[in-house]
Number of protein chains: 2
Amino acid sequence: MNENKSREMVKILKALANPVRLKMVASLYEKPKNVYVLAKELSLPYPLAYLHLDGLKKLGLVKEIREEKKVEGLPTVKYYAPSDFKIVLTPIEIHRLFKKKEEMK
Amino acid sequence: MNENKSREMVKILKALANPVRLKMVASLYEKPKNVYVLAKELSLPYPLAYLHLDGLKKLGLVKEIREEKKVEGLPTVKYYAPSDFKIVLTPIEIHRLFKKKEEMK
DNA sequence: CTTATATATAAGAAATTTTTTATATATGCT
DNA sequence: AGCATATATAAAAAATTTCTTATATATAAG
């Protein structure tokens with residue numbers, strides 16, 4: 001019943017298998033920033049950038065960081081950076097995704 | 001002008017970001033087989049299996065192998081196996097996809 | 001008080017991907 | 001001759017993903 005691992009992998013790969021989202025990760029790696037600035041940088045309408053980033057965030061590929069420049073007050077600006085993920089894709093690793101935990105060990 | 005690398009990566013990730021195709025790679029890793037048998041194993045109509053495998057083949061993720069059991073005659077049966085690929089996805093690697101060759105070195 | 005910055009979300013349209021259905025061809029078995 | 005095996009492709013339907021448009025809210029700058 002270990003279809004979870006492969007399904008989770010498909011989700012993650014789907015998130016990264018998109019030119020906009022891939023570029024977002026690259027841009028946030030170079031310099032963490034908020035959605036508004038990211039949208040401008042990539043010449044995207046804000047709602048689209050928001051949706052794409054939200055997808056990455058929900059899968060944990062990108063995280064919110066608190067690096068507030070504005071010293072006082074509640075932070076109205078949210079900065080994002082890529083998480084520290086590492087996905088390795090080889091035939092063997094892909095095969096492992098479909099193996100049950102018991103027969104994995 | 002190095003948008004080639006990221007575009008190629010998106011293509012490859014799209015190919016693997018699908019439950020059917022991911023399972024195909026896993027199945028062919030376990031034991032190389034032809035499309036007809038693969039279709040049966042995965043309970044897919046042949047044309048669908050054919051299309052999915054064709055996608056993997058065109059990207060070089062799967063290759064045709066000549067391991068003919070039928071000694072005589074031209075091989076009417078085509079066997080497939082995964083290629084020896086390795087794709088590593090980290091924020092750094094993704095960032096590199098968008099760097100020009102010159103500034104790469 | 002208007003503009004720029006900033007977030008969040010919904011609904012619909014557009015584009016792409018996935019799946020089905022149909023067609024054509026060929027071999028081997030019983 | 002009919003059935004199972006086997007490949008290949010096209011066209012249309014179905015499903016999903018992507019993108020746009022609209023709305024609502026809030027702060028800061030000029």
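Just so we're on the same page: letters track the sequence lines, and every chain starts at 1.
- Stacking here means ring centres nearer than 5.5 Å and ring planes tilted less than 30 degrees, and by that measure A/Tyr46 stacks onto C/dT7.
- In this structure, the nucleotide among C/dT7, D/dA6, D/dA10 sitting nearest to the side chain of B/Asn34 is D/dA6.
- Of the candidates D/dT21, D/dC19, D/dA6, the closest approach to any side-chain atom of A/Leu48 belongs to D/dC19.
- The phosphate of D/dT17 (OP1 or OP2) has no side-chain N or O of A/His52 nearer than 4.0 angstrom.
- If you measure from atom OH of B/Tyr50 to atom C1' of C/dT23, you get 14 Å, rounded to the nearest angstrom.
- When distances run from any side-chain atom of B/Tyr80 to the nucleotides C/dA6, D/dA8, D/dT18, the shortest one goes to D/dA8.
- Distance A/Asp54 CG to D/dC19 C1': 15 Å, rounded to the nearest Å.
- A single hydrophobic cluster is seen to contain both A/Leu38 and A/Leu59, as judged by linkage of ILVMFWY side chains at heavy-atom distances under 4.5 Å, directly or through other members.
- Rounded to a whole Å, the OH atom of B/Tyr36 is 18 Å from the P atom of C/dA26.
- Nearest to the side-chain atoms of A/Lys40 among the listed nucleotides D/dT7, C/dT5, C/dA8 stands C/dT5.
- When distances are taken from the side chain of B/Asn18 to each of C/dT18, D/dT7, C/dT7, the shortest belongs to C/dT18.
- Taking hydrophobic clusters as Ile, Leu, Val, Met, Phe, Trp and Tyr residues chained together by side-chain heavy-atom distances below 4.5 Å, B/Val20 shares a cluster with A/Leu97.
- Distances were taken from every side-chain heavy atom of B/Pro47 (C-beta onward) to each of C/dT7, D/dA10, D/dA6; the shortest belongs to D/dA10.
- In this structure, the NZ atom of A/Lys14 is 8 Å from the C1' atom of D/dT16, given to the nearest Å.
- The pair B/Glu8-B/Lys5 does not meet the salt-bridge criterion, since no charged nitrogen lies less than 4.0 angstrom from a carboxylate oxygen.
- Residue A/Leu51 places its side chain closer to D/dC19 than to any other of C/dT18, D/dC19, D/dA10.
- Rounded to 10 degrees, the angle between the two end axes of the helix from C/dC1-D/dG30 to C/dT30-D/dA1 is 10°, with five pairs used at each end.
- Whole-Å rounding puts the B/Met24 CE to C/dT18 P distance at 12 Å.
- A donor-acceptor pair is defined here as one N or O able to donate and one able to accept, closer than 3.5 Å; such a pair exists between the side chain of A/Arg21 and the backbone of A/Lys14.
- Residue B/Lys78 has no polar side-chain atom (N or O) positioned under 4.0 Å from OP1 or OP2 of D/dA6.
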Where do A/Leu16 and A/Ile87 land on the side-chain contact (heavy atoms from CB on, under 4.5 Å) test, with the steps shown first? CA-CA 11 Å; A/Leu16 296 173; A/Ile87 297 145; 4.1 Å; yes
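- The distance between atom NZ of A/Lys58 and atom P of D/dT17, rounded to the nearest whole Å, is 14 Å.
- A donor and an acceptor atom, one from each side chain of A/Ser6 and B/Lys23, are nowhere located under 3.5 Å apart.
- Candidate nucleotides C/dT18, D/dC19, D/dA6 were compared by shortest atom distance to the side chain of B/Val37, and D/dA6 ranks first.
- Rounded to an integer number of Å, the gap from B/Leu53 CG to D/dT9 C1' is 15 Å.
- Note on A/Leu44: nothing from the nucleic acid sits closer than 4.0 angstrom, heavy atoms only.
- For B/Val35, the side-chain atoms get nearest to D/dT7 when compared with the rest of C/dT7, D/dT18, D/dT7.
- Evaluation of the ring pair (Phe, Tyr, Trp, His ring centres under 6.0 Å) rule for A/Tyr29 yields B/His95 as partners, not counting sequence neighbours.
- Note on A/Tyr36 and A/Leu51: separate hydrophobic clusters, where clusters join Ile, Leu, Val, Met, Phe, Trp and Tyr whose side-chain heavy atoms are under 4.5 Å apart, directly or indirectly.
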